Participant: 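Dropping a structure here in structure tokens format, bear with me for questions.
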Amino acid sequence: MARKIETKCLHLEEEEGSINNYGAISYPIYQTATYAHAGVGKSTGFDYSRLQNPTKEHLEKIVASLENGTDALALSSGMAAITLLMEIFKPGDHLIVDSDLYGGSIRLFDNVSKKNGLKFTSIDCYKEDVESYITEDTKAVYIETPTNPMMNVTDIEELSKITKKHGILLIVDNTFLSPYFQNPLDLGADVVLHSGTKFLGGHNDTLAGFIVTNKDDISEKLRFLIKTTGAGLAPFDSWLILRGIKTLGIRMEKAQANAIKIADWLVEQDGVTEVIYPGLTSHPGHEIMKKQSRGFGSMLTFKLESKEFALAILEKIRMIKYAESLGGVETLITYPTTQTHADVPKEIREKNGITENTLRMSVGIEDVDDLIEELDKVFKEIGEELHGRKKS
Ligand SMILES: Cc1ncc(COP(=O)(O)O)c(C=O)c1O
């Protein structure tokens with residue numbers, strides 16, 4: 001019987017059966033740049049840590065196993081992973097990309113990849129006819145699902161039928177759900193990306209990124225690129241992410257349970273005009289998520305009646321932190337307009353619905369009553385300040 005994901009977070013089947021590393025239960029940190037050879041033509045399997053390091057390799061095998069891929073590469077950040085992936089394309093290649101994406105990905109495409117000769121068409125992959133945008137130069141479709149921050153949900157399997165028909169790649173940034181809740185390769189994607197900084201690491205303490213694939217030719221290209229460009233994850237950071245992954249399952253479950261309660265609470269609040277969380281039955285992607293994912297995650301976006309209301313929340317929260325990033329044990333609220341999506345051109349931001357009234361919340365694993373108590377206090381204060389509105 002295939003092992004379940006919570007077991008795979010802890011144990012690498014292929015390394016079982018023998019006691020290595022003195023029986024250390026925590027995989028050792030091989031803090032070494034280079035490796036001695038016993039003789040000419042002899043190698044321990046490791047030559048130089050830019051090429052590979054045992055701690056990083058162990059992490060990569062765990063992540064490949066979690067995503068049901070044949071290979072995973074660990075990089076120094078999510079952006080390093082996306083940047084490396086763009087190197088498999090050549091000048092003139094065309095990519096169809098979701099219009100709502102993490103702002104840093106859009107910044108990379110607009111400012112670096114275009115300069116390197118790649119061409120992009122930005123569309124709403126969850127609702128537009130993707131096939132009609134494919135040209136003879138198109139090499140890939142690149143999506144997030146749910147998207148950051150508007151939580152648009154694309155049917156991965158349906159989209160993969162189109163990409164397979166045209167012999168092009170489907171790339172899915174799976175950061176928002178992590179492999180615990182969604183495995184895009186199983187649904188027909190060719191490449192999965194992660195900002196490992198988020199749920200995989202899970203503690204708001206380490207930057208990391210991953211590229212996972214089940215295609216040998218892509219893996220071969222990426223292995224050449226990582227050793228050549230040198231953005232592999234450091235041994236200590238690899239170990240921190242390994243440690244984070246051990247608790248991925250319980251963190252994801254707890255954060256999601258909290259997010260569901262907070263989404264339900266937000267829906268009832270004066271001053272909140274929209275709650276965008278795929279776990280709500282009102283979300284247009286709810287049924288697709290039920291089909292393709294094992295959960296809805298713990299990211300939610302909500303809109304306030306005014307910019308003043310949104311900014312006042314950021315000013316007043318204390319235990320909940322006003323900060324960029326997501327996927328850690330601590331609850332964070334982000335202001336996409338000036339933080340994660342500040343470099344996205346204003347007209348695109350607005351077209352995507354990222355207004356100045358929009359906040360994004362990454363729900364953590366605190367006691368949910370404490371989270372709601374803080375939000376309730378903050379909302380009441382703002383209601384009184386803005387409207388003299390009193391709630392019992
Ligand atoms: C969906 C998504 N992809 C990629 C990234 C980039 O990852 P990193 O910050 O680790 O470079 C982020 C960062 O927020 C993200 O939210």
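Fair warning: this is a prediction, and the values are worked out from it, not measured in the lab. In each ligand, atom 1 is the first atom listed, and ligand 1 is the first ligand listed. The figures here come from the full heavy-atom set of this structure, side chains too, leaving out hydrogens, waters and symmetry mates. Along the sequence shown, residues carry numbers from 1.
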Participant: Pairs of nitrogen or oxygen atoms closer than 3.5 Å, one from Gly78 and one from ligand 1: do any exist?
Facilitator: yes
Participant: Would you check if the side chain of Thr301 reaches a backbone N or O of Pro149 as a donor-acceptor pair within less than 3.5 Å?
Facilitator: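 Checked: pair present.
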Participant: Check ligand 1 against Thr175 and write out every atom of the ligand that is under 4.0 Å from a heavy-atom position of the residue.
Facilitator: 1 (C), 2 (C), 3 (N)
Participant: Would you find more than 12 non-hydrogen atoms of other residues, nucleotides or ligands less than 6.0 Å from Glu220 atom CD?
Facilitator: no
Participant: Is the shortest side-chain N to carboxylate O distance from Lys114 to Asp110 below 4.0 Å?
Facilitator: yes
Participant: Which bit of Ala80 is near ligand 1, meaning a heavy atom under 4.0 Å away: side chain, backbone, both or neither?
Facilitator: neither
Participant: For atom 10 (O) of ligand 1, what's the nearest protein heavy-atom neighbour? Residue, atom name and distance, please.
Facilitator: Thr197 OG1, 2.6 Å
Participant: Would you call Lys321 and Glu330 a salt bridge, using N to O less than 4.0 angstrom?
Facilitator: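 Salt bridge absent between Lys321 and Glu330.
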Participant: For atom 7 (O) of ligand 1, state which one of Gly201, Ser195, Ser76, Gly196 supplies the nearest heavy atom.
Facilitator: Ser195
Participant: Please list, chain by chain and in numerical order, all residues satisfying side chain to side chain donor-acceptor pair (under 3.5 Å) with His387, sequence neighbours excluded.
Facilitator: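 Glu305.
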Participant: If the contact criterion is a heavy-atom separation under 4.0 Å, does Leu326 count as touching ligand 1?
Facilitator: yes
Participant: Checking the N or O distance criterion of under 3.5 Å, is ligand 1 in contact with Glu144?
Facilitator: no
Participant: What residue and atom, counting heavy atoms only, is the protein's closest point to atom 1 (C) of ligand 1, and at what distance?
Facilitator: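 Atom 1 (C) of ligand 1 sits closest to the protein heavy atom Asp173 OD2, 3.4 Å.
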Participant: Check Asp124 with Lys351, please: is the shortest side-chain N to carboxylate O separation under 4.0 Å?
Facilitator: yes
Participant: If you take the centroid of each ring, where Trp contributes its six-membered ring, are Tyr142 and Phe109 closer together than 6.0 Å?
Facilitator: yes
Participant: So is Lys198 touching ligand 1 or not, going by heavy atoms under 4.0 Å?
Facilitator: yes
Participant: Give the atoms of ligand 1, by number and element, whose distance to some non-hydrogen atom of Ala208 is under 4.0 Å.
Facilitator: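 The atoms of ligand 1 under 4.0 Å from a heavy atom of Ala208 are 10 (O).
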Participant: Under 4.0 Å, counting heavy atoms only: does Ser325 come that close to any atom of ligand 1?
Facilitator: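 So Ser325 does not count as touching ligand 1.
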Participant: Should the pair Lys291-Glu287 be classified as a salt bridge under the 4.0 Å nitrogen-to-oxygen rule?
Facilitator: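 Glu287 and Lys291: not salt-bridged.
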Participant: Return a yes/no value for Asn148: is any of its N or O atoms, backbone included, closer than 3.5 angstrom to an N or O of ligand 1?
Facilitator: yes
Participant: When you measure from atom 12 (C) of ligand 1 to every protein heavy atom, which one gives the shortest distance, and what is it?
Facilitator: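 Looking at atom 12 (C) of ligand 1, the protein heavy atom closest to it is Tyr102 CD2, 3.4 Å.
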Participant: With sequence neighbours left out, which residue pairs that include part of residues 152-188 fulfil the ring pair (Phe, Tyr, Trp, His ring centres under 6.0 Å) condition?
Facilitator: none
Participant: For atom 11 (O) of ligand 1, what's the nearest protein heavy-atom neighbour? Residue, atom name and distance, please.
Facilitator: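 Of every protein heavy atom, Met79 N, 2.8 Å lies nearest to atom 11 (O) of ligand 1.
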